Each structure stands twice: as structure tokens, then as C-alpha cells.
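Working notes, structure below.
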Amino acid sequence: MRAWHVERYGEPVDVLRLADVPDPVPGPGQVLVGVRAVAVNFPDVLLARGQYQERPPLPFVPGIELCGDVLAVGDGVDHVAVGDRVVGSRIGVLAERAVLDAHEVWPAPAGLSDEQAAGFVIAYQTAWFALHRRAGLRRGETVLVTAAAGGVGTATVQLAAAAGARVVGVVGSEAKAAAARDAGAHVVVDRSTQDVASAVREATGGTGADVVVDPVGGEAYEAATRCVAFEGRIVIVGFAGGTIQDARAGHALVKNYGVLGLHWALYARRRPDLVRLAHRALTGLVEQGAVRPVVSDVVPFEQAPEAVARLAGGGTTGRLVVRVA
């Protein structure tokens with residue numbers, strides 16, 4: 001089969017090479033998936049650069065999120081069967097076939113296309129855990145999303161709106177504002193022309209945001225600390241802006257807000273029961289029409305490095321998806 005390999009660390013277009021490799025074989029408790037589509041995620045950029053929190057030995061296959069068909073199952077797998085269309089997440093899926101552990105694979109929502117389903121797991125699971133598990137979102141609260149036009153951002157906006165929150169979305173340009181509004185943001189702030197903290201305070205009557213979901217880090221996080229509400233919760237889900245900020249304990253104490261980290265993959269490994277519950281809830285929201293992944297572009301398998309590079313450039317909205325088969 002064909003698979004993309006990272007053979008050395010660097011920028012994706014420089015270090016990804018298409019290779020012919022043996023077909024994988026599932027072991028006990030594993031699932032072999034024929035890959036239909038792979039969604040591009042920012043961790044793919046970091047994996048190529050050697051900057052991700054997990055560093056597989058070189059060479060390795062990147063890609064962390066897929067939609068595909070079950071081709072075979074190992075002993076002990078009973079929640080999916082050969083022929084099922086599934087979604088899944090683990091490092092190593094940017095290939096024509098991939099083996100995943102059973103707890104990393106779930107039935108694909110019937111109402112989603114392959115491309116939409118490929119981008120369903122990580123963004124929506126991250127948003128769900130950020131809002132409901134970590135921040136304990138309550139109906140009527142205000143949610144600030146610091147990158148409201150991206151993959152995790154649009155998912156967070158949709159889920160927050162579905163939960164009855166008022167959503168303020170921050171975007172990097174006017175061109176991205178429509179994506180945030182289409183996802184359900186009630187207020188959109190363009191950080192290229194507006195002061196984020198001032199705009200959020202104005203939009204909330206001076207009280208600030210009860211919950212902040214921040215996949216950007218750096219200056220976006222600093223702005224959030226200036227407009228978070230009394231007893232607000234800031235959930236850190238990534239550093240797509242390229243700068244890992246320092247959380248100032250004294251500032252959190254004086255303003256009485258909390259700073260929470262979220263590494264969703266730890267739930268997938270340590271509390272797969274919670275991931276399964278979230279998947280059922282999210283599938284129900286798809287069936288109700290409350291959430292739907294926003295796919296901005298689909299590229300062929302041969303153009304995967306360029307897609308990862310586009311995501312790294314920061315100019316994309318929604319999800320970029322690589323069509324494999």
C-alpha cells in the first residue's frame with residue numbers, strides 16, 4: 001500500500017515522502033481500516049517539525065484522524081464489524097490502510113459524508129470535553145472561542161450554541177468572519193482590526209466571558225485573561241499561534257478565574273468510556289442537525305503535504321481533508 005512518511009523533521013512539504021509499505025495486519029483488539037479520507041490537523045504540522053508532545057521514531061506515518069471501512073478485526077473486537085464505515089483517531093493514518101486499537105474506532109455518523117466524518121472526531125471531541133467536561137458549561141453563559149473559524153473553533157462554536165450559550169468568536173481577518181457566523185457565533189471579533197479584550201467586554205456588558213476555549217495560545221490567551229468573567233474558566237487546547245504562554249498565577253488569583261488544560265488524547269487512552277459517551281452524544285447532535293463539520297477543501301492523496309502546509313500557514317477555515325480512496 002501507499003503511505004506518507006516523515007523521514008526527517010522540517011516543514012511538511014520538505015519532509016513528507018510517499019512510500020510503498022507492506023499492508024498492516026491487525027492483532028488482538030485491533031481494527032484494520034481501508035482509509036477513505038483523512039482530515040488535516042495542526043498536530044500533523046507539529047509532528048512533521050518534531051515539535052509534537054509525542055515523537056514517533058523516524059520514519060513514521062503522520063495523520064491522526066480518518067474515515068474508512070473496516071477490512072478486518074482482531075480477536076476481542078465486537079463493537080464494529082467488517083464492512084462498517086467508521087471514524088477513528090491515532091497517529092499513523094495518512095495511508096491507504098491503517099491499524100487502530102479498538103478503543104480508537106467508532107461508528108461513523110450516517111448523516112455525514114466521508115469528508116465530514118473524517119473531521120468529526122478530534123475537533124468535536126476536543127470541543128465537547130473543553131466545554132462540558134473541563135469547563136462545566138451552563139446554559140446562558142457566554143463562551144469566547146479564540147480561533148472561531150478553524151476546525152476546533154467551528155466545532156466549539158456549534159457545540160456551545162447547541163448547549164444554549166451565547167458565543168463570541170474571534171477571527172484573524174474579515175475574510176474568516178463569515179465562517180464563524182455560519183457556525184453560530186452571535187458576535188464576531190476581528191483581531192486584526194479590533195482589540196479583543198475591549199470588544200468582548202463590550203459584547204458582554206462589561207462582565208466578560210464565562211468560558212474561554214483557546215487553541216491559539218500566546219497573545220490570544222493574554223487577551224482572554226483580560227476579558228474573562230468572575231469565576232470564568234479558560235480551557236487551553238493548543239498553541240496554534242506558535243507561542244506557549246506562561247499562566248500567571250497571581251493574575252488568576254486576583255481576578256478569580258481558572259486555567260484548565262485539555263489534552264484530549266489522554267481521555268482516549270485513560271478514559272475511553274467517556275470518549276464513547278461523548279461520541280454517542282455528538283452523533284445524536286448530528287442526527288438532530290445541530291452540528292456538522294465544516295469542510296473548506298478536499299485534496300487528492302498525492303497533495304497531502306501541500307494541505308498540511310496550508311494549515312500551517314494559518315489562512316484556512318473549517319477543515320482541510322485529504323481524499324485517500
Side-chain angles (χ1 to χ4, degrees), residues 40-43 45-46 123 126-127 130-131 135 137 141-161 165-229 232-248 251-252 255 257-262 294 296-297 309-320:
V40 181
N41 288 271
F42 198 73
V45 179
L46 300 180
T126 297
L131 293 170
L137 177 65
E141 289 191 312
T142 296
V143 175
L144 172 63
V145 184
T146 64
V152 172
T154 53
T156 306
V157 171
Q158 289 180 9
L159 288 181
R166 185 165 184 260
V167 185
V168 180
V170 178
V171 297
S173 67
E174 179 57 34
K176 293 187 175 185
R181 293 192 186 96
D182 290 345
H186 301 93
V187 177
V188 177
V189 178
D190 180 357
R191 67 173 180 266
S192 70
T193 59
Q194 297 173 271
D195 179 77
V196 172
S198 298
V200 172
R201 287 194 295 266
E202 180 180 352
T204 58
T207 61
D210 301 293
V211 173
V212 179
V213 179
D214 177 28
V216 180
E219 292 181 0
Y221 170 84
E222 292 299 329
T225 65
R226 298 197 300 272
C227 60
V228 64
R233 292 86 76 199
I234 300 175
V235 185
I236 299 170
V237 301
F239 311 102
T243 300
I244 299 177
Q245 69 277 3
D246 291 322
R248 293 176 291 157
H251 194 260
K255 290 196 67 176
Y257 65 87
V259 180
L260 304 164
L262 172 60
V294 178
S296 60
D297 198 10
R310 284 171 59 189
L311 185 68
T316 62
T317 60
R319 306 307 307 272
L320 281 176

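Just so you know, residue 1 is the first one in the sequence shown, and it goes up from there. All values below were derived from every heavy atom in this structure, side-chain atoms included, with hydrogens, water molecules and symmetry-related copies excluded. What you see is a predicted model, and the numbers here were worked out from it, not measured in a lab.
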Considering all heavy atoms of both residues, which atom of C227 and which atom of A197 are nearest to each other, and what is their separation?
-> CB-O, 3.7 Å
Closest non-hydrogen atoms of L137 and A160, given as atom of the first, atom of the second and distance, are CD2-CA, 4.3 Å
Is V259 close to Y221 at the side-chain level, that is, under 4.5 Å between some pair of heavy atoms?
-> yes
Shortest non-hydrogen contact between T142 and G208, atoms and distance | CB-O, 4.5 Å
Test log, rule side chain to side chain contact (heavy atoms under 4.5 Å, CB included), inputs R166 and V187 = CA-CA 8 Å; R166 185 165 184 260; V187 177; 3.5 Å; yes
For the pair N41 (side chain) and P43 (backbone), establish whether a donor and an acceptor sit closer than 3.5 Å, ignoring hydrogens and angles.
-> no
Could you tell me whether the side chain of R319 and the main chain of V40 form a donor-acceptor pair under 3.5 Å?
-> yes
Compare all side-chain heavy atoms of D182 with those of V294 and state whether any distance is below 4.5 angstrom.
-> no
Taking the side chain from K255 and the backbone from T225, do they hold a donor-acceptor pair closer than 3.5 Å?
-> yes
Which pair of non-hydrogen atoms, one from A161 and one from V167, has the smallest distance, and what is that distance?
-> N-CG2, 3.8 Å
Reported CG-to-CG distance for the pair D297 and L311, which is rounded to 0.5 angstrom | 12.0 Å
Closest heavy-atom pair and its distance - A185, V188 | CB-CG2, 4.0 Å
Can you name the closest pair of heavy atoms from V212 and A224 and give their distance?
-> CG1-CB, 3.7 Å
Please indicate whether Q194 has more than 12 foreign heavy atoms, meaning atoms of other residues, nucleotides or ligands, lying under 6.0 Å from its CD.
-> yes
If you look only at distance, which donor and acceptor atoms sit under 3.5 Å apart when one is on a side chain in residues 148-157 and the other is two or more places apart or in another chain?
from	atom 1	to	atom 2	distance (Å)
T154	OG1	G150	O	2.8
T154	OG1	G151	O	3.2
T156	OG1	V152	O	2.7

Salt bridge (charged side-chain N to carboxylate O under 4.0 Å, His left out): which pairs involve residues 209-227, sequence neighbours left out?
-> E222-R248
Can you list every salt bridge (charged side-chain N to carboxylate O under 4.0 Å, His left out) pair that touches residues 233-247, not counting sequence neighbours?
-> E141-R233
Which distance, rounded to the nearest 0.5 Å, do you find between the OG of S173 and the NZ of K176?
-> 5.5 Å
